[in-house]
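I have placed the structure first, in the form of structure tokens, so that the comments after it can refer back to it.
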Amino acid sequence: MSDEQQILFAGFGGQGILSMGKFLTYAAMGVGKNVSWLPAYGAEMRGGTANCLVTIAEGEIFSPLTENPGAAIILNRPSLDRFESKIKPNGTLVMNTSLIDRPPVRQDLRIFQMPVNRIADEQGSSKLANMILLGACIQKMNIVALEQTLGLFELIFAGKKPGVIDKNRKAFLFGVEYAQNNW
Amino acid sequence: MSDEQQILFAGFGGQGILSMGKFLTYAAMGVGKNVSWLPAYGAEMRGGTANCLVTIAEGEIFSPLTENPGAAIILNRPSLDRFESKIKPNGTLVMNTSLIDRPPVRQDLRIFQMPVNRIADEQGSSKLANMILLGACIQKMNIVALEQTLGLFELIFAGKKPGVIDKNRKAFLFGVEYAQNNW
Amino acid sequence: MRVVAQRPQSLTSARTHYCPGCTHGIIHRLVAECIDELGLREKAIGICPVGCAVLAYDYFNFDMLEAAHGRAPAIATGIKRILPDACVLTYQGDGDLASIGMAEIVHASARSEKITVIFVNNAVYGMTGGQMAPTTLLGQVTTTSPYGRKKEETGFPIRMAELLATNEGSAYISRVAVNTPANVIKAKKSIKKALQTQMNGLGFSMVEVLSTCPTNWGMAPLEALEWLEQNMIPYYPLGEFKVKEA
Amino acid sequence: MRVVAQRPQSLTSARTHYCPGCTHGIIHRLVAECIDELGLREKAIGICPVGCAVLAYDYFNFDMLEAAHGRAPAIATGIKRILPDACVLTYQGDGDLASIGMAEIVHASARSEKITVIFVNNAVYGMTGGQMAPTTLLGQVTTTSPYGRKKEETGFPIRMAELLATNEGSAYISRVAVNTPANVIKAKKSIKKALQTQMNGLGFSMVEVLSTCPTNWGMAPLEALEWLEQNMIPYYPLGEFKVKEA
Amino acid sequence: MARGRVIFIEEECKGCELCIHFCPKDILGLDKSRINSSGYHPVTNLRPDNCTGCGICALMCPDLVIRVERE
Amino acid sequence: MARGRVIFIEEECKGCELCIHFCPKDILGLDKSRINSSGYHPVTNLRPDNCTGCGICALMCPDLVIRVERE
Amino acid sequence: MDRVLMKGNEALAEGALIAGCVAFFGYPITPSSEIAEYMARKFPVLGGTFVQAESELAAINMVYGGAATGARVMTASSGPGISLKSEGISFIAEAELPCLIVNISRGGPGLGGIQPAQSDYWQATRGGGHGDFHTVVLAPSSVQEMMDFAIAGYDLADKYRTPVMIMAEGTLGQMMEPVSLRSKVTEFIEKPWAIGGCKGRLPNIVNTLHLSPEFLEYRNKVLTEKYELIKNREQKAETFMAEDADLVVVAFGLMSRIVKKAIMDVRNQGYKVGLIRPITLWPFPADEVSRAAEYARLFLSIEISMGQMIDDVRLAVKGRAPVEFYGRIGLIPSPEEIARQIVAVAQKEGL
Amino acid sequence: MDRVLMKGNEALAEGALIAGCVAFFGYPITPSSEIAEYMARKFPVLGGTFVQAESELAAINMVYGGAATGARVMTASSGPGISLKSEGISFIAEAELPCLIVNISRGGPGLGGIQPAQSDYWQATRGGGHGDFHTVVLAPSSVQEMMDFAIAGYDLADKYRTPVMIMAEGTLGQMMEPVSLRSKVTEFIEKPWAIGGCKGRLPNIVNTLHLSPEFLEYRNKVLTEKYELIKNREQKAETFMAEDADLVVVAFGLMSRIVKKAIMDVRNQGYKVGLIRPITLWPFPADEVSRAAEYARLFLSIEISMGQMIDDVRLAVKGRAPVEFYGRIGLIPSPEEIARQIVAVAQKEGL
Ligand SMILES: Cc1ncc(C[n+]2csc(CCOP(=O)(O)OP(=O)(O)O)c2C)c(N)n1
Ligand SMILES: Cc1ncc(C[n+]2csc(CCOP(=O)(O)OP(=O)(O)O)c2C)c(N)n1
Ligand code: SF4
Ligand code: SF4
Ligand code: SF4
Ligand code: SF4
Ligand code: SF4
Ligand code: SF4
Ligand SMILES: [Mg+2]
Ligand SMILES: [Mg+2]
């Protein structure tokens, strides 16, 4: 249980928060870990906020939820205001500066920033902003190995058109690259 | 409670069983007794059997029901079969011989018989058969005094047309007379 | 001598609990005769309502289910979807079908469920002692419209046949009466047509049958037939309102 | 300069939770404008459905009650019978009114309840994530008709306006759309007429409004308006189906 | 000689008089002299010879009391 | 000189483009350079002078973002 | 004649009228229909609203709307109909709208029969709807109480802004006894929360939707506190020869009267038996029963059901004495039968 | 990959299919809708019936009809929808028709919220309908169990001819975990009572009306005996570190897993705490709890409600130890919060 990692994804509905979490969950399961994916559901629909919590562990997962996630990937201001204080001491905070107009308050955190919307717009793939950020995160946080993850794309997007998968991989890799250069 | 009297009325639906009981109940209340009227309801509708139990007492009435009524006024065969054995030892049994084709089994009972339907038909008032029988019963059983009862007709039939009330009184008195002559 | 009239096989030998002259009895017989004549008894599944016909499971001589009040069409749906070859029919009163069961009947019709509904409209709640029904006529006295039904308070009687005919899912919708020999014969034809509509998979079928309730109308059986003729038929015209051909 | 368009008094200043381009917002505004223009705000009692408009009590600036799913017409009846001078209106979606609430709407209409019903038909269950509605069109893909709605399994979409028009209790029944400026203007006229029908005590009034659900239709708001025009209006003709004059 | 014959299950008769009213030959009536165990005067055929076996009485009987035979 | 004027409550705009599509003068557009706190590019008037104050944009706006004034 | 002979159902309806009930919304069902029929006769004369709803579902929602206006309104039904009302009752409880709901109960489950039963006890006291809520439940035992509890029920409903249920065996609704009419209730409390047009005030909102978990939890706490308050204040029970009893029978409704007669009888046979009769089924008179558990050696729950109230008796007795059960369904056992049962149990437990 | 990542709702639906479910009748409601949507996708492909009913009322009656044919059928809903089904459930229980009813539960009362709750416990275990009846109620705690209990539920349903309910917090329906797919159920018991046409036999009748009091009572006794049998045979609970516990927590569903994590934590702090997790909510594992009452000094019922299961815990403990309560609504408390609560209670009671 000590090895258990819990990562929170939070932002607007429509920013692809839940699928970011799902992708990570699939990836972790793909490499043989125990996983759980816990969404905040329903009420948060309709332009409200969306968030999900991913738990990854070697052993049995008792609790798929927690007060204090080890890492938080935050895509908008309201979510930062709500969750910053909750992150584990010395945890990780990834923030989308396109929609967050204030610096973090916490001093103990590892912090990574990216103007996700702007970059995605520049890449002409606003819809894939979440994949870009995800790529960056996976590159930086050692949850699942990058190579393995890339190997799982076909599996995770099973049923989707190849074109779609490629677009996603491209966005993902762009994120990886961004992290290498900027984080 | 010792003074408590419980009288059962039973027969077909449509024979005016419930109203016989109601009449007696009103009468007893009219002379200042405590009363309760308990019908077997619902299921017994639609050509089935109908019955009600009247309880009359000086003191408070705890139980409006009993296994063993002191008197039973029985208008058809099925009801006799069902209730004869239940009557209190040395109790009273009144039976409508028009619709009962067997003699009573019990030897301990005070028994009064009347071919109610035939008599009513003869009187050209088949609808009032129950009032005829009721008159006879009240004449014979000392539950409520005859005079007082007669005095209560207007009250009991309040709202009904005078014509109706007279018809009922006539039938009732015919029953009284019948009892005097035949019981 | 040959027998021209006798108890159909699709009826048990049980004596009905219906009041003298109640035409529920006639309707039961017609349904049973149609089932017999179409050779459907062994495929038939009947659903009785909550209403005076609640005990119909004792009278019809084939598989029967007793429904919750008004829900017969939903139950019929559950059965028919699983047994598409069965002949599924519901027998419902006006309180059962037009009041509490309104949603279920409208949707069974909209979904074009392949079932047959025998809708017995006697303009009153018989079983419970004569309360107002959605089909009670204006001015009609019932225990819950003691001063006569008034449109100011209760609006207007619902014409179910016409209402359901607006659904594309309805394949056969008719209204008949059982107050005269001629009408009884027509009623039987219509019920047979409805059953055939179902077995031909054309969709939802319903026959609304104008029926009497001597007891709660406070009339002798013959008066009741007359009252039906004089008062019900003018407001509830007889005829076929929807006929989808194969 | 004079103001030609601004927020009506009968709306609060709350920002709605509706998705971008959802025409629920337009319909809210039209209702509010009509209430304002008829001077009914202080007499108005609104009943919101369970559906995307469930939060309408935060948006309308008059007394509001949040109903159980589908029961708004019954609740409206309870209110109106006790407060005959109030202006009682329900705002219901197609799942709320045409599915679970079928019995309540048909009977409110049959009883000729003096209430006004705003029926928002967007051919889908919006709030719960895009399931099939009784008004979903044949072939339309929803989460519970993933291969397109098939008449063999689900029958046919229900035309509520036509169905309710068969009730004598219905005093005003119309169908409008809010997909173009012209239609929006017509819609407003119709809503006003419905409210007047109620206040004149003529009986039950309902305006069926064809509306969009970009989110669950999986379309951009503008595409959705186009889809409504191309697909909904042909099956759900616009117009007045019942107009009882004073 | 009668062309038809009607047989009644008296115990089942409820004396509603529908058959009586609709019999074109007007040959049916209630037997006031008898009461069946349900308390009803049962129907009876007053003029058996006139029965045509048309079956209308059975058609209108709600309680399947009548069996009709015809030559 | 403009005969009409439109004022937007940008924070309330959801960028649905209904107003843009229906503006007969075709003078409205989304401001891609800005994102409101709900994450939408708000609408803006690209050619204010051409506004006639016809009010159609407001008529079609589901979110009461637009206040229209006319001479 | 100051006393009037009335059916229990009519007395209840008259009691509601005396309490100022202005509207009845209901759907007929035996053995409750006389309540609707009485109102249908009276309201057109007195002024007031009688609506025969299309269903129990519609009826309870009409009550929801009517009660939201602040008026005293009611509905009445039986078993199956109460089940259909359960969603609505849950809404009304959360919306905190005062109203009167009557269950003239019959035997279940399913369509069951129309004969008397007490087998809706669980449904009435807990679980008759989704979520954490209760309704105050009163159980009359005489036709007079049918009237009096209707009046008292409305006061409790207004005082605590809660739906109040009156539950009585079908027999009690159908039987007739003399009742003394009560004088018309004329004083009512203010209901500033009621909807009725926002003239001269901010709009009122009646709502049960709470999308934010925090607020939902807050609302549940508010209700729970109210229920605790009612539990502390409104438990009501009648005791009969219980002071010195070795065996305490717990029974409610008409059943409790039969038990009284049986107790008179067994006392003559020398058994020290007493009765605790819950008048409020919710809140259950746990304190009274708990007190009795200090001295009673045995409890006997007698119900017209397969055993439901016995849970509450056991929860109150807390293992301090054995709790036995005797039950019938579809009929009210006679005093003779109950006497036999009491003696049997007493002997079995060696009292 | 033998393990598939699935949402709890989907796993439950797949489990039903594995068990041979041939028809789903339901009406959408959050957080249960994915079950309907999964069936809507699968049945047209697999062959089988998916009907989106016009309401929960219609849905449960379609189940009534479907189950009467002997087929394995189901419905799924949440709080308000379950209330609407309560009349039908009572009918199905009395008609003794096997079927599966799912409550992916949310907070009430009224419309409440769509966030997780366990506040339909009373409704599920007693009182969720009129008359004397119960449904077997299973409470899964993982996505795998969502699948497995659907399969087990059908077996119980057929074995005892009873409706079986699966009750899970909304969160459990919405979350994803890997599940191992089970192999298709191929053996089913005969159902000679089913309706389907009377070819070659006498007609079958499915009925719940019993006008004669004697027969109504007989039917109730039959049901009661069946329920006693189920109580004796089918109580099911999981225990976790309960053997030596001074404080026994009772919690079910997903909640119980959070408690496990909390227990690991407080055990490290030196508190001897254990868990009894009811798997069958009805029949409640009273025997297991009663056994624990022999040695445990304190019980703590932790529920996502204002306190409902605690009645059953108390009924089982019979006053042998204090029974405390901790509850939330609309959200599942975190392990950290639970650990704090356990410590607080333990210290308060001086453990
Ligand atoms: C849920 C429910 N509500 C009410 C009743 C009571 N009830 C039984 S039958 C009936 C109506 C009967 O009238 P109808 O359907 O017209 O049939 P009829 O007796 O006239 O043939 C009612 C209200 C019930 N059994 N169940
Ligand atoms: C009794 C009950 N059943 C189901 C639901 C779930 N539910 C909420 S809204 C809704 C349908 C919404 O669709 P519609 O009425 O068309 O409104 P829209 O969101 O499309 O405007 C459903 C099924 C509920 N809240 N209550
Ligand atoms: S009450 Fe009416 S409908 Fe019922 S059996 Fe008697 S006559 Fe027929
Ligand atoms: S889901 Fe559909 S109906 Fe609901 S707000 Fe969004 S667009 Fe409008
Ligand atoms: S068969 Fe015809 S003629 Fe003979 S009795 Fe019957 S109706 Fe009369
Ligand atoms: S119609 Fe039938 S029941 Fe009626 S009198 Fe004739 S035979 Fe008897
Ligand atoms: S007022 Fe008319 S012209 Fe001006 S922006 Fe709006 S739509 Fe365009
Ligand atoms: S219509 Fe309204 S919400 Fe949509 S873009 Fe224009 S201003 Fe913004
Ligand atoms: Mg009827
Ligand atoms: Mg919709």
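The basis for the numbers below is simple: all heavy atoms, side chains too, and nothing from hydrogens, waters or symmetry mates. Protein chains get the first letters and strands the later ones, always in sequence-line order, with residue 1 at the start of each.
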**OP:** For G:L216 and H:G330, work out which heavy atoms get closest and say how close.
**Re:** CD2-CA, 3.9 Å
**OP:** Just give me the residue among H:G127, H:S78, H:G79, H:G113 that pairs up with chain G most often, heavy atom to heavy atom, under 4.5 Å.
**Re:** H:G127
Original post:
With only heavy atoms counted, which part of G:D312 is less than 4.5 Å from chain H, the side chain, the backbone, both or neither?
Top reply: neither
Original post:
Looking at G:E94, G:E217, G:E56, G:E214, which makes the most heavy-atom pairs under 4.5 Å with chain H?
Top reply: G:E217
Original post:
Any side-chain heavy atom of H:L223 within less than 4.5 Å of one from G:M306?
Top reply: no
**OP:** Would you mind checking which part of H:N103 comes under 4.5 Å of any heavy atom in chain G, side chain (CB onward), backbone (N, CA, C, O), both or neither?
**Re:** neither
**OP:** Please check if the side chain of G:N220 supplies one atom and the backbone of H:G108 the other of a donor-acceptor pair under 3.5 Å.
**Re:** yes
Original post:
In terms of heavy-atom pairs under 4.5 Å, which option from H:S86, H:G81, H:A95 contacts chain G the most?
Top reply: H:S86
Original post:
Out of H:G319, H:G112, H:P116, H:G107, which one racks up the most heavy-atom pairs below 4.5 Å with chain G?
Top reply: H:G112
Original post:
Sub-3.5 Å donor-acceptor pair from the side chain of H:H130 to the main-chain atoms of G:G110, do we have one?
Top reply: yes
Subject >> Closest-packed option against chain G by number of heavy-atom pairs under 4.5 Å, given H:A117, H:P80, H:G307, H:G327 >> reply: H:P80
Original post:
Between the main-chain N or O of G:G129 and the side-chain N or O of H:S83, is there a donor-acceptor pair closer than 3.5 Å?
Top reply: no
Original post:
What distance do H:I82 atom CD1 and G:S90 atom OG have between them, rounded to the nearest 0.5 Å?
Top reply: 12.5 Å
Subject >> Point-to-point distance, once rounded to the nearest 0.5 Å, from CZ of G:R126 to CD of H:Q123 >> reply: 14.0 Å
**OP:** Report yes if the side chains of H:E87 and G:L84 come closer than 4.5 Å at any heavy-atom pair, otherwise no.
**Re:** yes
Original post:
Which bit of H:I92 is near chain G, if near means a heavy-atom gap under 4.5 Å: side chain, backbone, both or neither?
Top reply: neither
Original post:
Given the options H:R314, H:R106, H:Q308, H:R320, which has more heavy-atom pairs under 4.5 Å with chain G than any of the others?
Top reply: H:Q308
**OP:** Answer yes or no: does atom OH of G:Y218 have more than 12 heavy-atom neighbours from other residues, nucleotides or ligands under 6.0 Å?
**Re:** no
Original post:
Taking everything shown except G:K318 itself, do over 12 heavy atoms lie less than 6.0 Å from its NZ?
Top reply: no
Original post:
Does the side chain of G:I329 reach to within under 4.5 Å of the side chain of H:D132, using non-hydrogen atoms?
Top reply: yes
Original post:
Looking at H:L315, H:L331, H:N207, which has the largest count of heavy-atom pairs under 4.5 Å with chain G?
Top reply: H:L315
Subject >> Side chain / backbone / both / neither for G:T224 at chain H, heavy atoms under 4.5 Å >> reply: side chain
Subject >> Over all atoms of both residues, closest heavy-atom pair of H:P213 and G:Q115 >> reply: CG-CG, 3.7 Å
Original post:
Of the backbone (N, CA, C, O) and the side chain (C-beta and beyond), which part of G:L209 lies under 4.5 Å from a heavy atom of chain H, both, or neither?
Top reply: both
Subject >> Per-residue contact mode, G:L57 against chain H (heavy atom under 4.5 angstrom) >> reply: side chain
